[in-house]
Amino acid sequence: MADVEVYGKMLSTLPEDDDHPYRSGPWRPQSVEYDAADLDVQGELPGDLYGVYLRNTENPLHPAIVRYHPFDGDGMIHKISFRDGKVSYRNRFVRTDGLLAEQEAGRSLWAGLAENPSVAVRTDGWGARGRMKDAASTDVIVHAGVAVASFYQCGDLYRLDPLTLDDLGKCTWGGSFPGEVGVSAHTKVDDHTGELLFFNYSTKAPYLHYGVVDAGNHLVHYVPIDLPGPRLPHDMAFTEHYAILNDMPLFWEPDLISRGLYAARFHPDIPSRLGVIPRRGAPGDIRWFEFDPTYVLHWTNAFEDGDEVVVDGFFQGCPEPPAAGPNGPADRMFRFLAQDAMQTRLHRWRMNLATGATSEQDLSDTCTEFGTINSGFGGRPYRYNYAATNEPGWFLFNGLVKHDALTGREERYQFEPGVFCSEVGVAPRVGGTEEDDAYLVTLTVDMNRDLSECVVFRANDVGLGPIARAQLPERIASGTHSCWAPGESIRGW
Ligand SMILES: [Fe+2]
């Protein structure tokens with residue numbers, strides 16, 4: 001283990017004997033921030049692996065007011081950087097306004113996802129639902145050389161130095177940041193143009209907006225998108241010329257919203273709709289296409305194929321899993337977290353812009369989610385998607401599946417029981433040109449050895465297993481999204 005320094009002090013008020021299923025075991029939160037330079041590496045660390053892997057995790061510092069949900073925890077970014085054969089690690093909480101206020105108060109002040117907004121201590125707050133804390137805990141990307149953390153229910157975009165994780169404040173976009181609604185997680189960076197594409201959503205009309213920030217970090221496009229009512233989009237997609245937004249039939253019951261209640265229901269009689277809009281299009285330019293009813297949490301990629309726009313993502317065979325289960329109320333609360341319960345499969349939707357024709361099909365029989373690609377192929381024709389399999393009933397990833405969209409072939413790696421990985425970063429090999437001439441980087445939560453490691457795979461031989469691993473200072477909490485940023489994209493590195 002390298003020399004490890006501890007930075008600052010984040011005081012946690014959680015009880016020592018906490019047994020909440022998503023605040024203990026593989027989800028045990030951290031409250032310590034470390035700096036560890038030059039980690040000891042086992043195996044062969046490739047010399048042509050150059051860049052930064054960032055991972056967001058949820059780490060609650062205070063007990064929930066009533067009922068904790070794993071998406072409520074305070075965002076903590078883990079950074080692993082690879083350069084000149086050295087690996088360094090750092091982790092930092094995102095210094096959100098909500099975290100700072102709760103540290104000051106010594107308790108939770110806002111309502112979580114599994115709580116009624118009326119339990120919030122504060123009357124203000126963030127999120128499409130309102131009275132929530134923007135924990136910046138969902139997603140992290142690198143745009144214009146800076147790391148950006150975001151929240152799935154819309155909020156601020158928090159900027160961090162991608163190497164030091166120093167707080168760089170919030171995105172303002174020169175005063176044009178849409179602060180009233182905020183911005184949703186799953187902003188998209190187009191490596192070819194340097195643009196950031198984004199959306200936000202709310203319970204008030206217009207229920208959806210779409211926007212573009214240029215490579216210089218200026219807001220250059222922002223338009224309302226007409227929807228029949230409040231919706232719960234979680235992700236978007238893009239091609240070279242279009243952005244793809246969605247209107248899925250799983251949304252908060254409109255009648256209940258007016259009573260301050262937020263219950264997501266699936267409507268199997270309402271079609272799914274994908275909206276295709278030119279990347280700088282006016283509101284009236286969007287074209288909607290109907291498909292089988294489902295909900296899609298994550299899209300993997302989209303591209304143009306002649307007159308067709310092709311979108312890949314994870315179709316949910318069961319968007320609203322049954323409430324009952326062997327673990328009682330916990331099953332009801334966490335049923336939307338397990339991809340085996342939701343039956344999520346890689347799927348392809350096609351829309352012909354000339355004829356209006358549509359088609360769709362499963363690309364795989366395997367239940368996977370949280371798919372990532374070589375971002376150099378984002379929005380362009382591509383072959384490979386690297387997704388996770390889950391521990392049955394849990395929001396934990398126990399294996400990786402590489403899917404080849406050209407042949408349908410799948411290559412798998414299964415971690416040993418009790419070892420869980422994070423969403424992988426796809427790190428193109430320096431000088432490589434083939435799509436899978438790359439490395440996969442992930443962080444493990446190893447319950448057998450009570451530790452976490454950064455592990456590296458060859459993207460063109462996933463079944464081989466890790467080729468290099470380096471132990472982190474402490475076992476991390478499992479969490480949500482991650483990204484890979486090539487060294488040359490990091491400002492000043
Ligand atoms: Fe997500």
Side-chain angles (χ1 to χ4, degrees), residues 22 27 53-58 69-73 75-78 94 112-113 126-129 132 134-143 147-155 157-158 182-189 196-201 208 231-238 244-246 248 250-251 264 294-302 311-316 319 334-339 341-342 344-347 367-373 375 378 385-390 394-397 420-426 442-443 477-484:
Y22 282 94
W27 284 80
Y53 175 72
L54 298 171
R55 167 150 179 71
N56 209 338
T57 53
E58 288 96 349
H69 186 281
F71 295 166
D72 301 336
M76 173 189 279
I77 307 292
H78 302 266
V94 185
L113 182 60
W126 296 266
R129 212 187 71 173
M132 296 184 86
D134 169 6
S137 56
T138 309
D139 191 17
V140 59
I141 52 101
V142 170
H143 175 242
V148 179
S150 54
F151 185 55
Y152 70 99
Q153 277 239 351
C154 300
L157 295 179
Y158 283 89
V183 168
S184 173
H186 294 304
T187 58
K188 297 287 170 180
V189 178
L196 178 98
L197 313 179
F198 71 92
F199 67 97
N200 63 26
Y201 62 98
L208 183 69
R231 293 294 183 265
L232 291 169
H234 180 74
D235 195 2
M236 64 174 289
F238 69 92
I244 297 108
L245 302 161
N246 63 85
M248 295 298 182
L250 182 134
F251 47 80
T294 187
Y295 184 74
V296 175
L297 202 57
H298 299 117
W299 311 97
T300 54
N301 201 10
V311 188
D312 292 350
F314 296 97
F315 185 99
Q316 297 185 356
F334 304 126
R335 63 195 161 129
F336 291 101
L337 292 172
Q339 57 213 45
M342 293 184 293
T344 56
R345 292 186 173 86
L346 191 60
H347 193 83
C367 282
T368 58
E369 240 284 5
F370 286 77
T372 50
I373 63 163
S375 66
N385 163 59
Y386 308 89
T389 55
N390 81 305
W394 284 86
F395 183 31
L396 292 169
F397 304 150
F420 309 108
C421 69
S422 56
E423 183 179 65
V424 300
V426 184
T442 191
L443 301 183
S478 200
T480 47
H481 290 289
S482 69
C483 72
W484 172 262

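Whatever order the structure lists ligands and atoms in, that order sets their numbers, starting from 1. These figures come from a predicted structure and were not determined experimentally.
The Fe ion (ligand 1) forms the vertex of an angle spanning NE2 of His186 and NE2 of His234; to the nearest 10 degrees it equals 90°.
The N, O or S atom of His298 lying closest to the Fe ion (ligand 1) is NE2. Nearest to the Fe ion (ligand 1), among the N, O or S atoms that His481 has, is NE2.
Phe71 and Phe395 have perpendicular rings, their planes meeting at more than 60° on a 0 to 90° scale where under 30° would count as parallel. Under the 30°/60° scheme for interplanar angles, the aromatic rings of His298 and His481 are found to stand perpendicular. Below 30°, between 30° and 60°, or above 60°: for Trp394 and Tyr22 the angle between ring planes is between 30° and 60°, a tilted geometry.
Of the N and O atoms on the side chains of Ser422 and Tyr53, at least one donor lies less than 3.5 Å from an acceptor on the other residue.
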